[in-house]
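Contents: one structure, followed by commentary.
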Amino acid sequence: MKVPLTVADFLRRGALVYGDRTAFVDEPGTAGSLGAITYRSVERRARGVAIALDQMGVGAGERVAVVSPNASRFGILFYGVSGYGRVLVPVNYRLKAEEVSYIVEHSGASVLLVDPESDEALKEVRARHRIVLDGVADQELFAEAPDDAHPAGWEPDEDATASINYTSGTTARPKGVQLTHRNCWLNATTFGWHTTVTDRDVYLHTLPMFHCNGWGMPYAVTAMGVPQVVARKIEGEELLRRVDTHGVTLMCGAPAVVAAILDAASVRRAAGQDIPGRDRVRIVVAGAPPPSRTIERVESELGWEFIQIYGLTETAPLLTVNRRPAEWDDLPALERARLQSRAGAPAVGVQVATDEEGEILARSNNVFAGYWEQPEESSKVLVDGWFHTGDKGYLEPDSYLVISDRKKDVIISGGENVSSVEVEDCLFQHPAVAEAAVIGVPDARWGETVKALVVVRAGHEITQAELIEFCRSKLAHYKCPTSVEFRDSLARTATGKLQKFKLRAPYWEGYERGVN
Ligand code: AMP
């Protein structure tokens, strides 16, 4: 027997087995907050979304875009949209109107759902249906459907696209990563297995739901009836309070989230206050290589378990996992942290290799179906049955992967990808810019931060502050340079290509790896 694997399975089980349990505790005090709702209510609301989409004439395969920070409504859309055969397009809510417009148009979304805080800024962004998630305009969309109301049938297909997640990469425009139901299903179940998600967990949504569908963890915890606490913002002390109030056991995030929590914990310790969650919380970290010192502090100062994973949106994302095996228990803390600072060993079902240039290749059922309407870009990364990650690294003798550098010209700041080409394109729009190179440089808070090296056009004058402000008016702020250096010329090859590695080198001196 072969039963199609679809993301609907996760909520079906959560609601069937844990119907009376709290599914979501929404962010309090925001427009459209749903408060605390049960798994039964989530199932009824997800079905309600599907029925509403039927009534709006939005059929199977059509795209539904959502621009929102973490919210219970977002959590419902994973099932109400994808679970009934439409395609969810989660969009980074930090993007500017023009950037969101591109994604909405490129994906051909017929529905655009917008968080009330983004409504004004995105007023020009249109779709056939545009609904603000303020608890009023979307009231019908998220109403509980009666038990005997059923959406129009969708023939479940595990190879259908469940979501298109736009990600910045090597091209000036983001690309739409098509994740199939099968990709999402296998990622969620293997991820849940490696992190031992059980029905006794309490999950805190510190990772943005838009980022690779919250890496797929929302699916895994839903299937186990795990109460999910929504965090809309990353504010260290508030996260600690929620860990305490709700008995949180599990969360995911980029190293910047860990840094915010460690800072808040230091303040608490100095004031003689307790740090909640000792010997209870597991924190799963990815997006950049965390420093060993951070790992050591998570274990010694918080008493939480540190788990690292590595992957990309294109791989749904789980490729490798680093979770302390029993063999490391008795090692000195520093040595243990060093071992754990590696990206990890291949997850079940994943094969990892490196090519002669040191690029990391992967093969797994988690690997995506291709970029939305960009077959030529897909064929650049999917070659002979292997996915080319654009990351560089090596496998140590114990099969743990170390990420040492990046082949692709991408900067990762605070866990979000920034395309250097996109920022360079933006700088070139300024009349005073003759040449520009955008590079990532190490940063204590964000891992890496964006630096622009600029040659000013003869006869023009411009300051660092003016150029940064120019970019901030056009691009999401996390993509903008935090510093600009003016140069007389930029290092180029004989063919005129920028030599980024040479430009980067002085800023990375003394660093073991070329990524941070
Ligand atoms: P994204 O598709 O936005 O999730 O970004 C994926 C990229 O993040 C990868 O190609 C890596 O460059 C980086 N990345 C993810 N996890 C890790 C990790 N554990 N260590 C180092 N880099 C990572």
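Counting starts at 1 for both ligands and their atoms, in listed order.
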Quiz prompt | Parallel, tilted or perpendicular: rings of W215 and F191 (30°, 60°) | solution = tilted
Exercise. Looking only at distances, please establish whether an N/O atom of ligand 1 is found under 3.5 Å from an N/O atom of N417.
Key: yes
Quiz item: Considering distance alone, does some N or O of Q308 sit under 3.5 Å from an N or O of ligand 1?
Solution: yes
Quiz item: Tell me: protein heavy atom nearest atom 9 (C) of ligand 1, and distance?
Solution: D391 OD2, 3.2 Å
Quiz item: Does A286 reach ligand 1 with a nitrogen or oxygen that is under 3.5 Å from one of the ligand's nitrogen or oxygen atoms?
Solution: no
Quiz item: What residue among V49, V81, L77 forms side-chain contact (heavy atoms from CB on, under 4.5 Å) with R86?
Solution: V81
Practice problem: Identify the residue among N165, N183, T161 that makes a side-chain hydrogen bond (donor to acceptor under 3.5 Å, both in side chains) with Q178. | Solution: T161
Quiz item: Which ligand 1 atoms are under 4.0 Å away from a heavy-atom of I412?
Solution: 7 (C), 8 (O), 11 (C), 12 (O), 13 (C)
Quiz item: Are R173 and Y102 in a cation-pi setup, meaning NZ or CZ lies under 6.0 angstrom from the ring centre and within 45 degrees of the ring axis?
Solution: yes
Quiz prompt | salt_bridge(K392, E359) N-O dist < 4.0 Å | solution = no
Exercise. Look at ligand 1 and say whether V515 reaches it with a heavy atom at a distance under 4.0 Å.
Key: no
Quiz item: Looking at ligand 1, does P317 have a heavy atom less than 4.0 Å from it?
Solution: no
Quiz item: What atoms of ligand 1 come within less than 4.0 Å of a heavy atom belonging to T313?
Solution: 1 (P), 2 (O), 3 (O), 4 (O)
Quiz item: Considering the options T180, T313, N213, which one meets the side-chain hydrogen bond (donor to acceptor under 3.5 Å, both in side chains) requirement together with S163?
Solution: N213
Quiz item: Per the side-chain hydrogen bond (donor to acceptor under 3.5 Å, both in side chains) rule, which among R324, R282, R323 passes with E305?
Solution: R323
Quiz item: Measuring from the heavy atoms of P290, does anything fall under 4.0 Å of ligand 1?
Solution: no
Quiz item: Polar-atom distance check: G415 versus ligand 1, any N or O pair below 3.5 Å?
Solution: no
Self-check item: Subset of ligand 1 atoms that lie under 4.0 Å from at least one heavy atom of R406
Solution: 12 (O)
Quiz prompt | Close-contact set for ligand 1 against H211 heavy atoms, below 4.0 Å | solution = 1 (P), 3 (O), 4 (O)
Self-check item: Heavy-atom gap K408 to ligand 1 smaller than 4.0 Å
Solution: yes
Exercise. Take every heavy atom of A288, measure it against each atom of ligand 1, and state whether any distance is under 4.0 Å.
Key: yes
Self-check item: Residues K380 and E376 bridged, charged N to O under 4.0 Å
Solution: no
Quiz prompt | Contact with ligand 1 for P289, non-hydrogen, under 4.0 angstrom | solution = yes
Quiz item: Yes or no on ring pair (Phe, Tyr, Trp, His ring centres under 6.0 Å) for Y478 and W446, after CA distance, side-chain angles and deciding distance?
Solution: CA-CA 10 Å; Y478 72 91; W446 301 114; 9.6 Å; no
